[in-house]
Visitor: 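Structure below; questions to follow.
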Amino acid sequence: MSFDPKTLRFDSAGLIPAIAQDDETGEVLMMAWMNAQSLARTVDTGRVTYWSRSRQAFWAKGESSGHVQTLVDLRVDCDRDCLLLRVRQVGPACHTNRRSCFYTAVRDGQEVELMGPMKDT
């Protein structure tokens, strides 16, 4: 069966959440938004492109930082309203220079930082 993006359930703003997961380790790296055009760009080029809600513009991951995400596998959830992007990540995924945006845990009612920023190489 051919993939038809029109079968996806985008929200009222035309967006769908996309979770980026490291293909090699399974680590969840980040969540961002895609629209139909950024999804098409990602599928066509293999380079992950999101839609920036704040800038109202396409955002090819790593275009300014060099921390590129290359698409390995695209998965659609059962309700067709969320995407899982299995990616090959170069450098940190988070704008705070951490490997993952999910670097804070809540344990026993306290926030705990799980990782610091990555060192520049």
Side-chain angles (χ1 to χ4, degrees):
M1 164 180 15
S2 295
F3 172 62
D4 183 358
K6 292 178 186 164
T7 65
L8 296 175
R9 295 177 53 202
F10 294 89
D11 69 12
S12 60
L15 302 173
I16 190 168
I19 300 164
Q21 180 181 36
D22 186 285
D23 185 59
E24 192 172 299
T25 67
E27 179 183 22
V28 175
L29 300 173
M30 58 179 279
M31 191 291 282
W33 297 93
M34 296 181 112
N35 62 17
Q37 294 81 14
S38 64
L39 177 57
R41 286 183 183 197
T42 298
V43 170
D44 290 346
T45 67
R47 183 162 176 201
V48 179
T49 302
Y50 299 104
W51 177 255
S52 171
R53 295 179 303 167
S54 60
R55 293 182 306 222
Q56 291 292 294
F58 294 110
W59 162 41
K61 182 68 175 155
E63 65 191 345
S64 59
S65 67
H67 303 149
V68 176
Q69 288 179 350
T70 303
L71 184 67
V72 175
D73 192 32
L74 172 64
R75 300 184 186 185
V76 179
D77 84 326
C78 58
D79 294 324
R80 304 192 71 78
D81 63 358
C82 187
L83 303 174
L84 176 64
L85 310 173
R86 303 267 315 191
V87 302
R88 192 167 25 282
Q89 175 72 47
V90 174
C94 185
H95 75 281
T96 67
N97 212 39
R98 288 172 173 83
R99 175 75 182 154
S100 169
C101 292
F102 297 95
Y103 60 87
T104 304
V106 177
R107 298 189 175 150
D108 296 322
Q110 300 296 310
E111 289 194 21
V112 179
E113 188 173 294
L114 302 174
M115 68 186 76
M118 294 177 75
K119 303 250 188 281
D120 290 330
T121 56

Visitor: Is it true that a side-chain atom of R99 and a backbone atom of G91 form a donor plus acceptor pair closer than 3.5 Å?
Guide: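 The answer is yes, because a donor-acceptor pair under 3.5 Å joins these two groups.
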Visitor: Could you state the interatomic distance from CE (M34) to CD1 (I16), rounded to the nearest 0.5 Å?
Guide: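 Between M34 CE and I16 CD1, I get 9.5 Å after rounding to 0.5 Å.
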Visitor: Locate the shortest heavy-atom distance separating V72 from V87; write the atom from each residue and the value.
Guide: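 Closest heavy-atom pair between V72 and V87: CG2-C, 4.0 Å.
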Visitor: What distance do D81 atom CG and D11 atom CG have between them, rounded to the nearest 0.5 Å?
Guide: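 The distance works out to 10.0 Å.
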Visitor: Report yes if the side chains of L39 and L8 come closer than 4.5 Å at any heavy-atom pair, otherwise no.
Guide: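 Side chain of L39 against side chain of L8, heavy atoms only: contact under 4.5 Å found.
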Visitor: Rounded to the nearest 0.5 Å, what separates atom CD in Q69 from atom CG in D23?
Guide: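 If we round to the nearest 0.5 Å, Q69:CD and D23:CG are 12.0 Å apart.
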Visitor: In this structure, would V48 and F10 fall into the same cluster of hydrophobic residues linked by side-chain contacts under 4.5 Å?
Guide: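 Yes, V48 connects to F10 through the hydrophobic network.
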Visitor: For R9, is the CZ atom crowded, meaning more than 12 foreign heavy atoms sit under 6.0 Å from it?
Guide: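 Incorrect, the count does not exceed 12.
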Visitor: Do side-chain atoms of Q37 reach the backbone of A40 as a donor and acceptor pair under 3.5 angstrom?
Guide: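 Not a single qualifying donor-acceptor pair exists.
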Visitor: Angle between ring planes, Y50 versus W59, binned at 30° and 60°: parallel, tilted or perpendicular?
Guide: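 Aromatic pair Y50/W59 classed tilted.
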Visitor: Flag yes if more than 12 heavy atoms outside Q56 fall under 6.0 Å of its CD atom; otherwise flag no.
Guide: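 For Q56, atom CD is crowded (more than 12 foreign heavy atoms under 6.0 Å).
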Visitor: Provide the closest heavy-atom pair for T104 versus E111 in the form atom of the first, atom of the second, distance.
Guide: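 The answer is CG2-OE1, 3.4 Å.
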Visitor: Check for a donor-acceptor pair, side chain of D77 on one end and backbone N or O of C82 on the other, with a separation under 3.5 Å.
Guide: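 Between the backbone of C82 and the side chain of D77 there is a qualifying donor-acceptor contact (under 3.5 Å).
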Visitor: So for atom CD, which belongs to E24, do other residues, nucleotides or ligands contribute more than 12 heavy atoms lying within a distance under 6.0 Å?
Guide: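 Counting other residues, nucleotides and ligands, CD of E24 stays at 12 neighbours or fewer.
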Visitor: Heavy-atom count check: over 12 atoms from other residues, nucleotides or ligands less than 6.0 Å from Q110 CD?
Guide: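 Incorrect, the count does not exceed 12.
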Visitor: Could you check if a side-chain atom of L71 sits within less than 4.5 angstrom of a side-chain atom of L85, using non-hydrogen atoms only?
Guide: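 Touching, per the 4.5 Å side-chain cut-off.
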Visitor: To the nearest 0.5 Å, what is the distance between OG1 on T42 and CZ on R47?
Guide: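 One finds 10.0 Å between OG1 of T42 and CZ of R47.
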Visitor: Identify whether F102 and I19 are in the same connected component of the hydrophobic contact network (ILVMFWY, side-chain heavy atoms under 4.5 Å).
Guide: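 Shared cluster, yes.
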Visitor: Between the side chain of D4 and the main-chain N/O of K6, is any donor-acceptor distance below 3.5 Å?
Guide: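 Here the side-chain-to-backbone pair exists.
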Visitor: Tell me whether W33 is reachable from V28 by hopping between hydrophobic residues (I, L, V, M, F, W, Y) whose side-chain heavy atoms are closer than 4.5 Å.
Guide: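 In one cluster: yes.
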Visitor: Count I, L, V, M, F, W, Y as connected when their side-chain heavy atoms are under 4.5 Å apart, and connections chain through other members. Are V106 and L114 then in the same cluster?
Guide: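 No, because V106 and L114 fall into different hydrophobic clusters, even though each may have its own neighbours under 4.5 Å.
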Visitor: Atom CZ of residue position R107 - does it have more than 12 heavy atoms of other residues, nucleotides or ligands inside 6.0 Å?
Guide: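 Atom CZ in R107 is not crowded, with 12 or fewer foreign heavy atoms closer than 6.0 Å.
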Visitor: Please report the shortest heavy-atom distance between C101 and A93, naming the atom on each side.
Guide: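 Taking every non-hydrogen atom into account, SG-O, 4.5 Å.
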Visitor: Would a distance-only check, ignoring hydrogens and angles, find a side-chain to backbone donor-acceptor pair under 3.5 Å from Q21 to G26?
Guide: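 Pair found, side chain donor or acceptor close to backbone of G26.
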Visitor: Give me the atom names and distance for the closest heavy-atom approach of S100 to E27.
Guide: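 Nearest pair, atom of S100 first, then E27: CB-OE2, 3.8 Å.
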Visitor: Taking a hydrophobic cluster as the set of Ile, Leu, Val, Met, Phe, Trp and Tyr residues connected by side-chain heavy atoms closer than 4.5 Å, whether directly or through intermediates, do F58 and L15 fall within one such cluster?
Guide: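 Yes, one cluster joins them.
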Visitor: Go through the steps to decide whether T96 and R98 satisfy the test side chain to side chain donor-acceptor pair (under 3.5 Å), and finish with yes or no.
Guide: CA-CA 6 Å; T96 67; R98 288 172 173 83; 3.2 Å; yes
